[in-house]
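Here's the structure we're looking at; comments come further down.
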Amino acid sequence: MRRGLLAVLLSLIALPALFAPAWAEDVGSVGYRFKWLGPNDKIVVEAFDDPDVPGVTCYMSHARTGGIKGAIGLAEDPGEASIACRQVGPVDVEKLDKIRSPHEVFSSRASLIFKSTQVTRFWDAKRKALIYLVYTDRIIEGSPRNSISVVPVGMTTN
C-alpha cells in the first residue's frame with residue numbers, strides 16, 4: 001500500500017515536468033535575503049526561446065526561496081514574476097496566423113506540487129504583435145499578479 005501511494009505521489013510531482021512547453025536557461029541571479037542555513041533567497045533571471053516562434057526569446061525574473069526548505073525543494077516561491085520578450089532573429093510572419101492563441105509556452109514549478117509560474121502567448125493579428133503574459137497559479141487559488149511583454153513583428157521602418 002505504501003509503495004503504491006509513494007508511486008502515485010512521485011508521478012504527481014514528475015507529471016508537470018513532462019508537459020512543460022519550454023526549458024529556461026539560467027542567465028544569473030542576485031541574493032536579496034541572507035539565510036543562516038542553506039542558500040540565500042535570490043532573484044533569478046532566466047531565458048527561454050518561444051518553441052513555436054523561432055526568433056523570439058523571453059527573459060523572466062522571479063524570486064527563488066532559499067534556506068533549508070529551498071535547498072531540498074520544499075519551499076514555496078513568491079508569486080511575483082516579470083518578463084521581457086524580444087525579437088532576436090527573423091520571424092516568419094506568415095506562420096503567425098496559424099499558431100494557437102492563447103498558448104502556454106513556458107511553465108515551471110514554484111512549489112513542490114501545487115504552484116507553478118506560467119507564460120502564455122497571445123497573437124494579436126490586427127496589430128501584428130505577440131503578447132507574452134507571465135503569472136503564477138495554484139490548484140486551489142491563483143494570484144492576479146502578472147506581467148506582460150509585447151513583441152511587434154513584421155514592422156518596416158522608413
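Source: prediction; values computed, not measured.
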task: Report yes or no: do V150 and Y135 belong to one cluster of Ile/Leu/Val/Met/Phe/Trp/Tyr joined by side chain heavy-atom distances under 4.5 Å?
output: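 In one cluster: yes.
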message: Grouping I, L, V, M, F, W and Y whenever their side-chain heavy atoms are under 4.5 Å apart, do Y59 and F48 come out in a common cluster?
response: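 In one cluster: no.
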message: Checking Y132 against V56 for the side-chain contact (heavy atoms from CB on, under 4.5 Å) test, could you report, in this order, the C-alpha distance in whole Å, the side-chain angles of both residues, the deciding distance, and whether it holds?
response: CA-CA 11 Å; Y132 294 85; V56 174; 3.4 Å; yes
Looking at [X] and [Y], what are the two nearest heavy atoms and their distance?
X    : Y   : answer
S147 : A81 : CB-O, 3.6 Å
C58  : I83 : CB-CD1, 4.1 Å
I43  : S61 : CG2-CB, 4.3 Å
V44  : S29 : CA-CB, 4.0 Å
F106 : E46 : CZ-OE1, 4.4 Å
T117 : M60 : CG2-SD, 4.1 Å

- prompt: So which of R86, R121, K95 actually passes salt bridge (charged side-chain N to carboxylate O under 4.0 Å, His left out) with D50?
  reply: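 It is R121; the other options fail the test.
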task: Name all residues meeting the salt bridge (Lys or Arg N to Asp or Glu O under 4.0 Å) criterion together with R33; count only those two or more places apart in sequence or in a different chain, and write none if there are none.
output: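 With neighbours one apart ignored, the set is D41.
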message: Other residues, nucleotides and ligands only: do more than 12 of their heavy atoms fall within 6.0 Å of CZ on F122?
response: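 Enclosed.
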